[in-house]
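No hydrogens, no waters, no symmetry mates; every other heavy atom, side chains included, goes into these values.
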Amino acid sequence: MKRGLWFSSTPHFSPRGTGKRVAARIEQRFLGERSSISLILSTARFKNFRMQASFLSVVLMPIALAIIMTGLGLSLTMADFKRVYEYPKAVIVGLGTQMILLPIICFFIAKGLNLPPELAVGLMLLAAAPGGPSANLYSHIAKGDVALNVTLTALNSILSVVSIAFIVNLSMKLLMQQDAYVPLQFSKVLEVCLIVILPVSVGMLVRKKAPGFAQKLESPVKILSAIFLALIIVLAGWKERDHLMRDIETVGLACLLFNVACLSIGYFLPRLLNLEKKQAIAIGMEIGIHNGSLAIFIALSVIGNGTMTIPAVVYSIIMFITAAIFGWLVNRGEHV
C-alpha cells in the first residue's frame, strides 16, 4: 500500500512521460540538424553557382573573345577599314537595323508566342546585345565584308552602354511589370570594346610584321576559338540543367524565328537599299549572330537571373547552324 502511495506521489518518474520528452528532444534535435545540413547544402550550391558565373564571365568569356578577334585580325589590313569609311551608308544601315528593328521584331515574337516573362526578357536582352565576334568569322567564310563587321561590332559595343540598359529596362516594365534598373557599368562595356579592338589590332600588327607567321596561326586560332565558344554554351546550359529542357521547348521556336528574321532582314534590307552583296552578307551575319556571351554575362552578373540566360544559350546553338546555311545560300549563285 505504501509502495503504491510512493509511486503515485512521484508523477515525474512516469516512464511514459519521460519517453515522450526524450522523443520530442530527439525529433527537435534531428530537425535542427537537418535544417543546418539544408542550409549548408544551399550555401554550397549558391557558392558553386557564383563560382560558375564568375568563371564564365571573368575567365572564359574574355579569353574566348580575345582569341577569336586576334584570329580575325590576322586576316585584316588597314586598307579594309579605309574602304569602309568610303561607304558610311552601310554602317548606318547596319546600326539602325540592329538597334531599332531587331528589338521591335523580337518583342512581337515574344508576345506572339506568349513566352514566360523571364524568358521573354532574356530574348530581348539577346536582341539588344551587339553582334558577336563569331559574326566576323562567319562573314569571312561567307565572303562578306569582314572590316565592316569589325566596325559594326566595335560601334555596337560602345552604343550598347545606353541601348542594352534602355531596352532591357523597358522589356522588364512591359513584360514583367517591374521597373527594375539594369546597372550596366560603362567599364563592362569598355571591357568588351577592348576585347574586340585590342586583339584585332594585335592580329593586324602580326600580319603586317610577319605575314608568313600570321598565315600559320589562322587555322589553329579558329579551332581554339570554336572550342572556347562551345565551352561557354555548355557551361551556361549545365548551370541551368534542372529546367533547361523545359525552357528549350518553350523558347526554342522563338529563338529560331528571331534568328531567321535577323538573317533575312540583315541581308535583304541592305540589298533593297542598293548596298553591295559583300556588305549585305556582312550586315546579315552581324545582325544574325549575336554576342550570346555578353547576354549571358549580363543576365548572370548584372541582372542576377539564370533563367534569362536560356534564350542566349539556345540561340547560340541555333545561330551557328542557320548562319552556315545562310552563308551557303548567298554564295551558291545569283539566285539569292
Side-chain angles (χ1 to χ4, degrees), residues 68-69 71-106 126-164 167 189 192-193 195-197 199-201 203-204 258-291 294 319 322-336:
I68 291 171
M69 299 314 298
L72 291 169
L74 293 172
S75 63
L76 296 176
T77 63
M78 286 303 298
D80 297 316
F81 290 94
K82 291 178 180 178
R83 184 170 54 82
V84 169
Y85 295 140
E86 297 175 1
Y87 302 98
K89 180 180 178 181
V91 175
I92 295 174
V93 171
L95 291 177
T97 303
Q98 182 153 15
M99 299 188 67
I100 299 174
L101 283 182
L102 294 195
I104 295 174
I105 294 171
C106 182
L126 180 71
S134 301
N136 307 318
L137 175 62
Y138 273 80
S139 181
H140 176 70
I141 295 173
K143 302 176 183 178
D145 193 335
V146 181
L148 176 59
N149 282 109
V150 174
T151 301
L152 289 173
T153 300
L155 292 175
N156 269 325
S157 297
I158 295 172
L159 293 174
S160 65
V161 176
V162 177
S163 63
I164 291 181
I167 292 173
V189 178
V192 176
C193 294
I195 288 174
V196 171
I197 298 172
V200 168
S201 302
M204 292 178 64
F258 180 56
N259 179 246
V260 172
C262 290
L263 290 169
S264 302
I265 293 173
Y267 177 76
F268 288 108
L269 181 59
R271 293 296 283 164
L272 289 174
L273 295 175
N274 297 321
L275 290 179
E276 296 179 4
K277 181 177 179 179
K278 193 173 184 179
Q279 293 177 329
I281 293 174
I283 295 174
M285 290 296 187
E286 185 71 22
I287 291 175
I289 299 179
H290 289 258
N291 195 332
L294 180 60
M319 71 182 183
T322 54
I325 297 173
F326 169 76
W328 174 75
L329 287 174
V330 296
N331 281 287
R332 67 189 178 116
E334 296 298 323
H335 300 291
V336 179

Which heavy atom of [X] sits nearest a heavy atom of [Y], and at what distance?
X	Y	value
Ile164	Ala129	CD1-CA, 4.2 Å
Ala280	Arg271	CB-CD, 3.6 Å
Ala127	Pro103	CB-CA, 4.3 Å
Ala323	Tyr138	CB-CD2, 3.7 Å
Phe258	Cys106	CE1-CB, 3.6 Å
Ile287	Gly266	CD1-CA, 3.8 Å

Roughly how far, to the nearest 0.5 Å, is the [atom2] atom of [Y] from the [atom1] atom of [X]?
X	Y	atom1	atom2	result
Lys278	Leu148	NZ	CG	10.5 Å
Leu263	Met285	CG	CE	7.0 Å
Asn149	Ile281	CG	CD1	10.5 Å
Leu126	Leu102	CG	CG	10.0 Å
Met319	Asn259	CE	CG	8.5 Å
Asp145	Leu152	CG	CG	9.0 Å

Query raised in the report: For the side chain of His140 and the backbone of Val146, is there at least one donor-acceptor N/O pair under 3.5 Å apart?
Result: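 No; judged by distance alone, with no hydrogens or angles, the pair does not exist.
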Query raised in the report: Short question: side chain of Lys277, backbone of Val330 - any donor-acceptor pair under 3.5 Å?
Result: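 Looks like yes, one N/O pair under 3.5 Å.
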Query raised in the report: For Tyr267 and Ile283, what are the C-alpha separation, side-chain angles and deciding distance, and is it a side chain to side chain contact (heavy atoms under 4.5 Å, CB included)?
Result: CA-CA 6 Å; Tyr267 177 76; Ile283 295 174; over 6 Å; no
**Report entry** Lys143 atom NZ: more than 12 heavy-atom contacts under 6.0 Å
**Finding:**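 Open: at most 12 neighbouring heavy atoms sit under 6.0 Å from NZ of Lys143.
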